[in-house]
Amino acid sequence: MKKYDVIVIGAGHAGIEASYAAAKLGCNVLLLTIDTDGIGKLSCNPAVGGVSKGNLVREVDALGGLIGRIADKCALNYRILNRSKGKAVWATRAQVDRFLYPKIARSFLENSKNIQILKAKVKKILTKNNRVYAIETNFGEKFSAKSVIVCAGTFLKSKIHIGLNSFPGGRLYEESCDELFDSIKKLGVGLKHFKTGTPPRLDKRTINFSKLQKQLPDMDAEPFSNSSGEIPKDQMSCFIAYTNKKTHRIVLNNLSRSPLYAGKIKSQGVRYCPSLEDKVVKFSDKDRHQVFIEPEGRDALEVYPNGVSTSLPFDVQVDFIHTIVGLESARLFSPGYGIEYGLIDARSLYSTLESKKITGLYFAGQVNGTTGYEEAASQGIISGINAALAVKRKKPFILARTAAGIGVLIDDLVTKGTDEPYRMFTSRCEFRLTLRESNADIRLVPLACKLGLLEDEDYERILNKQNRIACQIKKLKSKRIFLNGRKITLFDILKRPGINFSSLEEHLEEKTKEAIVQREIEIEVKYEEFLRRESLWLKELKNLHKIRLPKVDFSKIPSLSNEVVEKLKKFKPHSLGEALSISGITPAAILNIYNFIKKKHKDGKQKKVNKNRS
């Protein structure tokens, strides 16, 4: 039996990061995949990043991971989301080449001296005395390891649905891993199924783009990775189409042929990325829904119609696509489909993503209940780091939710679990301004260097960046100019709406050319008070269990959703700490309650003072 330090099962976005991180920490890694050409395959939307997700990509990069570097090497289009809001909440999203991405991912892994890639299907995880020691493949070969990481994506006992027809498969034309599912179940790990889906792919030669709204790229966006150069100049555009009443009528007339509404699909789907069927039924007051027509590759004929994920029969898909203006003659390359797939209850894991039942067995990615490449990559790198540290008998690496978006993601999964596919949102993070996309490197590169995932020069670069930011802010505070007849600091001028740092540089001796450094200076200045409040809230967070909840009508608290109010009334938590442990109660909701209690207490004291005075 050949021996390895770490075995990684599955080569999706979680598997890539897990194997690469473990290998960088000096472990001998075996990466097992059903299809070596499918390494890093973009199963659904060929895009990386987005609101909150862009932060995860940058955090993985800051820890020495790959998703940002790969995306930058094959990016077709960059967009800055949340642009109408302040720079602290800007989010980067890139359309990437679906055909080039796996090749680049595979190249990174093949060029790592500590990784061996093997095309094989795992059917058993072997344990002894509640400790993993090996895996067995479909061809009977056994490989031993001190740590095993399961990154099975949507392949655990999965079923594909197209209309009322269904068949096993982890992706269209790719087989399901039923034996691995059964093996995990026998280990006593809790399992269930979720549902997701994807739209049909269209032939761009048959689309009338002149009828569609053009969406230009943002040429001032920054690449995801610190190791990347400038973004490409020859970026491609996306386009926007819309469904209409005819589209919706076809969907409604065929609901009896939908596995979702005929009862064939019983698993919980993605709430925030619903199928077209769900959108038409649940938002019946809407006459149209956006469809983003996105390129799948620079030289590819396929385009991705983002917004019409469906599991309706193929003939119905053809009919409703043809009702959309600009797509009247569109040909379908492949049908959209729904997929039910197996996953574990992430509450059975430690924050290292190691199983509480089986020592040395880790789980990462969609198998933990998440959805999205970015969430998978985030878990992958943490599981890979910890599997390697366990092999070397070193202290585990845990990112607190106060330190990174990755920490929020994992803490949510292992403490609350999820009853639907989990997607990362900024609202899940109580420190969304402090843990922003633009300072991910400053926050995490020092930790990565300490672990040995990055080099000393990376640490020096971050120190240099921090010093430049601090130095310029100091100069802004000390430099005064006359404005409207009085002297005022550049710092106070920069706080004003519509004023940017570059417009004030003529008053400073040293220029700052890097846009990302200028952006950080602006954020630190303009958000000074908000960041100070978050810092105070960070200190209070350590004492949440000491903050008692008085009798209060939660429905009177501004910004609390009906769901949060209902859960608070149902569970009746005694402290803010207890409230935060309730599934579905977000940190943002806790902050609203905290501020409400604080204000109520302050108002009560003031009334008492006024009464005594009178």
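Index from 1, following the sequence. Values below: every heavy atom of this structure, side chains too, minus hydrogens, waters and symmetry copies.
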Inset, instruction - Please check if the side chain of Lys526 supplies one atom and the backbone of Leu494 the other of a donor-acceptor pair under 3.5 Å. - result: yes

Legend entry - Exercise: identify the closest heavy-atom pair between Leu25 and Leu451: CD2-O, 3.3 Å

Inset, instruction - May I ask you to check whether Thr154 and Gln366 show a side-chain donor-acceptor distance below 3.5 Å? - result: no

Legend entry - Expected output: side-chain Asn368 to main-chain Ile344 donor-acceptor under 3.5 Å: no

Inset, instruction - Check step by step if side chain to side chain donor-acceptor pair (under 3.5 Å) holds for Asp553 and Ser555. - result: CA-CA 5 Å; Asp553 183 354; Ser555 64; 2.5 Å; yes

Legend entry - Derivation and outcome, side-chain contact (heavy atoms from CB on, under 4.5 Å), residues Glu534 and Phe530: CA-CA 6 Å; Glu534 284 198 353; Phe530 297 101; 5.9 Å; no

Legend entry - Carboxylate-amine/guanidinium contact Arg423 Glu375, below 4.0 Å: no

Legend entry - Ile381 CD1 to Ile67 CD1 distance, which is reported to the nearest 0.5 Å: 10.5 Å

Legend entry - Check: Asn306 main-chain N/O paired with Glu294 side-chain donor or acceptor under 3.5 Å: no

Inset, instruction - Run through Thr92, Asn226, Asp441 and flag the one making a side-chain hydrogen bond (donor to acceptor under 3.5 Å, both in side chains) with Arg58. - result: Thr92

Inset, instruction - Answer yes or no: is there a donor N or O on one side and an acceptor on the other, between the side chain of Glu522 and the main chain of Phe501, under 3.5 Å? - result: yes

Legend entry - Side-chain ion pair, Lys192 and Asp345, N-O less than 4.0 Å: no

Inset, instruction - Hey, could you give me the CG/CD1 distance between Leu63 and Ile406, rounded to the nearest 0.5 Å? - result: 5.5 Å

Inset, instruction - May I ask you to decide if Lys85's main-chain N or O and Trp90's side chain share a donor-acceptor pair within less than 3.5 Å? - result: yes

Inset, instruction - Please answer whether the main-chain N or O of Val270 pairs with a side-chain N or O of Glu420 as donor and acceptor at a distance below 3.5 Å. - result: no

Legend entry - Lys87/Glu520 salt bridge by N-O under 4.0 Å criterion: no

Inset, instruction - Grab the two heavy atoms, one from Pro199 and one from Cys44, that are nearest each other, plus how far apart they are. - result: CD-SG, 4.4 Å

Legend entry - For Glu354, the option from Leu349, Asn386, Ile149, Thr359 that meets side-chain contact (heavy atoms from CB on, under 4.5 Å): Thr359

Inset, instruction - Verify the distance criterion only: is there a donor paired with an acceptor across the side chains of Tyr304 and Asn45 at less than 3.5 Å? - result: no

Inset, instruction - Evaluate whether atom NZ of Lys394 has more than 12 neighbouring non-hydrogen atoms of other residues, nucleotides or ligands under 6.0 angstrom away. - result: no

Inset, instruction - Spell out, as yes or no, whether a donor-acceptor pair under 3.5 Å connects the side chain of Tyr362 to the backbone of Ile382. - result: no

Inset, instruction - Could you grab the distance from atom CD1 of Ile398 to atom CD1 of Ile410, nearest 0.5 Å is fine? - result: 9.5 Å

Legend entry - Lys195 with Glu340: basic N within carboxylate O range, under 4.0 Å: no

Inset, instruction - Could you tell me the separation between the CG atom of Leu580 and the CG atom of Leu591, rounded to the nearest 0.5 Å? - result: 11.0 Å

Legend entry - Sole residue of Leu453, Val445, Leu447 in side-chain contact (heavy atoms from CB on, under 4.5 Å) with Cys449: Val445

Inset, instruction - Assess the side chains of Gln518 and Ser502: does a donor N or O sit below 3.5 Å from an acceptor N or O? - result: no

Legend entry - Lys53 side-chain N/O to Gly372 backbone N/O, donor-acceptor pair under 3.5 Å: no

Legend entry - Stepwise side chain to side chain donor-acceptor pair (under 3.5 Å) check, Ser43 with Arg171: CA-CA 7 Å; Ser43 307; Arg171 278 190 293 251; 2.8 Å; yes

Inset, instruction - Check Ser383 against Ala18 and note the closest heavy-atom contact, atom names and distance. - result: OG-CB, 3.8 Å

Inset, instruction - For residues Lys572 and Leu549, determine if any side-chain heavy atom of one lies less than 4.5 Å from a side-chain heavy atom of the other. - result: no

Donor-acceptor list for residues 69-79 side chains, cut-off 3.5 Å, not counting sequence neighbours:
from	atom 1	to	atom 2	distance (Å)
Asp72	OD1	Tyr78	OH	2.5
Asp72	OD1	Phe224	N	3.0
Asp72	OD2	Phe224	N	3.1
Asp72	OD2	Ser225	N	2.8
Asp72	OD2	Ser228	OG	2.7
Asn77	ND2	Met236	O	2.7
Arg79	NH1	Leu216	O	2.9

Inset, instruction - Give a yes or no on whether a salt bridge exists between Glu566 and Lys570, defined as a side-chain N under 4.0 angstrom from a carboxylate O. - result: no

Inset, instruction - Using the six-membered ring wherever Trp is involved, compare the ring planes of Phe283 and His289 and label them parallel, tilted or perpendicular (cut-offs 30° and 60°). - result: perpendicular

Inset, instruction - Would you name the heavy atoms of Pro223 and Gly229 that are closest together and state the gap between them? - result: CG-O, 3.2 Å

Legend entry - Between CD on residue Gln268 and OG1 on residue Thr196, distance to nearest 0.5 Å: 11.5 Å

Inset, instruction - Inspect the contact between Arg93 and Asp218 and indicate whether a charged nitrogen and a carboxylate oxygen are less than 4.0 angstrom apart. - result: no

Legend entry - Residues Glu457, Arg461: salt bridge by 4.0 Å N-O rule: no

Legend entry - Separation of Ile473 CD1 from Glu524 CD (nearest 0.5 Å): 5.0 Å

Legend entry - Side chain Ser561, main chain Val564, donor-acceptor under 3.5 Å: yes

Legend entry - Distance under 6.0 Å and angle within 45° of ring axis: Arg428 vs Phe425: no

Inset, instruction - Determine, for Lys477 against Asp492, whether the closest basic-nitrogen to carboxylate-oxygen distance falls under 4.0 angstrom. - result: no

Inset, instruction - Check for a donor-acceptor pair, side chain of Lys567 on one end and backbone N or O of Asn562 on the other, with a separation under 3.5 Å. - result: no

